[in-house]
Amino acid sequence: MIILKGIPAAPGVAVGKAYLFDRGEPTVSRSPIAEDQIPKEIARFEQALTTTRHQILEIQKRLAEEIGQEHAEIFNAHLLVLEDRTMIEEIIAQLNRDRIVVEAVFSDVIKKYMRAFAKVDDEYLRERTADIEAVRKRVLRNLLGTRGESPAELREQGIVVAYDLSPSDTAQMQKEHVLAIVTDIGGRTSHTAIMAKSLEIPAVVGLENATREIHKGDLLIIDGAHGEVVVNPDHETLQRYERERLRIQQVERDLVKLKDLSAETLDGHRLTLSANIEFPGEVDSVIAHGADGIGLYRTEFIYLNRTDLPTEEEHYRAYRSVAERIQSQPVIIRTLDLGGDKFASHLQIPNEMNPFMGWRAIRFCLARPDIFKVQLRAILRASAYGKLKMMYPMISGVEELRQAQEMLRHAQQELRQEGIPFDARMEVGAMIEVPSAALTCDILAKEVSFFSIGTNDLIQYALAVDRVNEKIAYLYDPAHPAVLRLIKQIIDIGHANNIWVGMCGEMAGEPVLGLLLLGLGLDEFSTSPVLVPEIKKVIRSVEWRWAQQVAQEALTLPTGREVEAFARAKLKELLPEWVK
Ligand code: PEP
Ligand code: MG
C-alpha cells in the first residue's frame, strides 16, 4: 500500500480500479510483409476504420445527449476524414507497392496529407490538420490494439489516472463510468478541478508522479476533499474509507434538507447563494442543491470541442434555455474567458510563455470584436426571456470596461434597429480578479451594477502564484492576509458606491473561509452546485454580528495559516460534527 498526497480538487471518496490514459505517439514498426499477406493487411485496415467510425459515432451520441448537439458536431469532421475514398485508395495502392505493414503505410500517407493541409493559404483548411491528426492517432491505436487516449473510451467503472486532462477530455467523460480523477499536474482552480466539481466526480490533481506510481488495474481509494490517493490499500484502510464514504453520504443527505431554506444568518441577514455552471445541462443540479440562481455561467464551453465558431443562434439558444429553466432566479453570464488553461485550438491563440497573463478573456474579446459581438447580441436577445445579468472577466482598468460597454451599446443599438427585444436594464458587472482592478474599484464601481470577485485569478496575480502549477501550490493561499485585505477593500468600496459585491471563485465554496467572507460583508456567494448546501449550512448557523467580529480579528493575523486555523476553530465551535 502506498499513499500519495496531491491537491484536493473535488470532494468525495471513491474506490475503484485505475485506468491510465496516455496520449503519447503510438510506435509504428515498418516490418515488411509478403505479397500474399496484402489482403489480410487490407482487411485489418478496413476493420480499424470501422472500429474507429463506431467509436466516433458513440462519442458523438453521448455528447449530443449530455452537453448538446453543437459539441457533438465537431466529430463530423473526423468522420469525413475516415470516409475519404481518395486517401483510402492511395493507402491501398501504396501498400501493394511498398509491402510493409499497413500501419506504416497509413502513417506515411496521412502525414503527407497533413503537411499539404498545413501549407495551404485557406485558414479553414489549415485548421483541418487537427482533425486529421486526431483520426490518425485513433486509427493507429485501433490497428495496434493499444490503450485508448481519452477517458471518453472508458467502458466500465474506473478511476481515470492521467498526466493531464484537456477541456475536450473532461467534456467527453461519461459520468457513470468515471468514479474519480487523478492527475499529475494542475492546481485546485485548474480547469480539471473545476470540471470535476461540476460533474460531481471526486478528484485529486497535482500528484506529480501519479502516472508513474500507479499501474493499470491497481485498486485506488481517492479522497477528494483531502487530496489523498491510496494505492492498493490494505483491508483495514479500505474499511476506514468505506466508513468515511458512508459518513459523507449521510452529511450530504442532511444538507440537502436545507434545499428550500434561504441563505440567512441567525440574526436575519439575508444573502444570495448562487451556483457556478459550465453547461446548460447543469441547471437541474443548481435547482436540486437549492441555489438562488446562477452567479457564474462560464461560457467557454460553447467554443470548445468544435472546429468552427459558435453562431449567434447557438449562443442565444444556450442562454435562453438556462434563463427559462431557472425561471425567476437570476443568471449571470460571464462573457468569453478563453486563454489561461482553456483553449479552443481553432481560434489559433498563439502559444504564450505566460498564458494566464496573456491574450485572454476581455483582452481577446476587445481585439476580436467580430467574435465578441456575436456573444453580446446573443446575451441581449436571451435577456428578454429571464433575469439575465452579464459580467466581463479580467478587467484590469476602467478603459477596458468602457470599451466593452461601448461594444455592448453598439449591439443594443443594432438590436433596436432590427426590432429585436432585449432587456435594456440588464445589470452589467465587472469581475474583480486583477489586482489593478481591485485597487481602482472605486473608479470601476461608478460604471457597473455589481462586482464579482474572481479569487481563482485574483489570488494567483496578488501572490504571484500560477494557479495550475502543482510545484508552488503550497503558496496558493486564499487566507493570505494580502488576499483578505484586497477582498475587504473591494467589498467596502463596492458598498460605499451602492453596488453589491459577490464572489464566484473557488474560495466562495470553502466553508471555513466562508465564515470570514460573510463577516467581511460579501453579498453573494457563488460556488459549484454540490458545495451550495454546505455554505448554506454555515450561513444559517451563525449570527452575522459574530461573523463580523471573527473577520475583524482574522484581519489582524499575520499569516494565512493562522487565519485558516483561527477561522476553523471558530467554525468548529458552531458545527463540531463536521469541521475536522
Ligand atoms: C476566477 O478567476 O475566480 C473565476 C471564477 O474565473 P475562472 O476560474 O473561470 O478564471
Ligand atoms: Mg478568472
Side-chain angles (χ1 to χ4, degrees), residues 7 9-10 167 170-171 186-198 203 205 274-279 282 294-304 331-344 349 354-365 375 389-396 400 429-438 441 450-469 473 476-478 480 483 486-487 490-491 501-510 513-514 517 522 524-529 531-532 535:
I7 299 166
T170 41
R188 68 175 71 213
T189 67
S190 59
H191 151 80
T192 308
I194 290 170
M195 277 301 288
K197 249 187 258 166
S198 85
V205 300
S274 328
N276 295 350
I277 65 164
E278 349 279 334
F279 302 119
E282 285 177 84
I294 293 167
L296 166 64
Y297 175 4
R298 288 186 170 93
T299 54
E300 292 72 69
F301 286 88
I302 300 179
Y303 295 80
L304 299 175
V331 177
I332 305 179
I333 301 186
R334 196 250 320 257
T335 59
L336 178 61
D337 184 11
L338 279 180
D341 67 342
K342 288 170 292 198
F343 287 102
I349 297 179
N354 285 309
F356 273 110
M357 294 207 277
W359 199 42
R360 66 174 282 215
I362 198 68
R363 303 165 180 187
F364 173 82
C365 289
Q375 184 178 34
K389 304 177 194 208
M390 187 186 98
M391 62 186 179
Y392 305 115
M394 280 284 287
I395 292 291
S396 65
E400 272 170 343
M431 284 191 72
I432 305 294
E433 46 184 353
V434 179
S436 58
C441 60
F450 65 92
F451 286 152
S452 185
I453 308 176
T455 47
N456 300 345
D457 281 314
L458 186 62
I459 296 169
Q460 76 164 342
Y461 300 132
L463 305 182
V465 180
D466 181 344
R467 65 191 255 191
V468 299
N469 185 336
Y476 188 93
D477 182 7
H480 192 293
V483 176
L486 281 171
I487 293 172
I490 300 164
I491 297 173
V501 181
M503 178 180 289
C504 59
E506 304 314 293
M507 185 176 178
E510 294 184 21
L513 300 176
L517 297 172
L522 196 70
E524 180 234 30
F525 287 66
S526 192
T527 186
S528 302
L531 302 176
V532 163
I535 299 298

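Numbering of ligands and ligand atoms starts at 1, following listing order.
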Q. Do the non-hydrogen side-chain atoms of Val501 and Ile453 ever get within less than 4.5 Å of each other?
A. yes
Q | Closest Asp457 atom to the Mg ion (ligand 2) [N, O or S only] | A | OD2
Q | ligand 1 versus Leu296: contacting region, heavy-atom distance under 4.0 Å | A | side chain
(Q) Are Asp457 and Arg360 packed together at the side-chain level, in the sense that at least one heavy-atom pair is separated by less than 4.5 angstrom? (A) yes
Q.
Regarding atom 5 (C) of ligand 1: of the candidates Arg298, Glu300, Glu278, Arg467, which has the closest heavy atom?
A. Arg298
Q. With a 4.0 Å heavy-atom cut-off (strictly under), which part of Ile194 contacts ligand 1: side chain, backbone, both or neither?
A. side chain
Q. Has the side chain of Glu300 got a donor or acceptor atom that lies under 3.5 Å from a matching backbone atom of Asp337?
A. yes
Q. How close does the nearest protein non-hydrogen atom get to atom 6 (O) of ligand 1, and which residue and atom is it?
A. Arg334 NH1, 3.1 Å
Q: With rounding to the nearest 0.5 Å, note down the distance linking NZ in Lys197 to CZ in Arg188.
A: 8.5 Å
Q) By number and element, which atoms of ligand 1 are closer than 4.0 Å to a non-hydrogen atom of Asp337? A) 9 (O), 10 (O)
Q. Relative to ligand 1, is Arg360 under 4.0 angstrom through side chain, backbone, both or neither, heavy atoms considered?
A. side chain
Q: Report the name of the N/O/S atom of Glu433 located nearest to the Mg ion (ligand 2).
A: OE1
Q. Should Asn456 and Tyr476 count as side-chain neighbours, where that means a heavy-atom distance under 4.5 Å?
A. yes
Q. About how many Å separate OG of Ser526 and CD of Glu506, when rounded to the nearest 0.5 Å?
A. 10.0 Å
Q | Residue part near ligand 1, for Leu458, under 4.0 Å between non-hydrogen atoms | A | neither
Q: Quick one: look up the protein heavy atom nearest atom 1 (C) of ligand 1 and list residue, atom name and how far away it is.
A: Asn456 CB, 3.3 Å
Q.
Tell me whether Glu506 reaches ligand 1 (any heavy atom closer than 4.0 angstrom to a ligand atom).
A. no
Q) In Å and rounded to the nearest 0.5 Å, what is the CD1 to CG distance from Ile194 to Asn276? A) 8.0 Å
Q: To the nearest 0.5 Å, tell me how far Ser452 OG sits from Arg334 CZ.
A: 9.0 Å
(Q) Is Thr189 close enough to touch ligand 1? Criterion: a residue heavy atom under 4.0 Å from a ligand atom. (A) no
Q. What distance separates Leu338 CG from Thr299 OG1, expressed to the nearest 0.5 Å?
A. 8.0 Å
Q) Which atoms of ligand 1 sit under 4.0 Å from any heavy atom of Cys504? A) 5 (C)
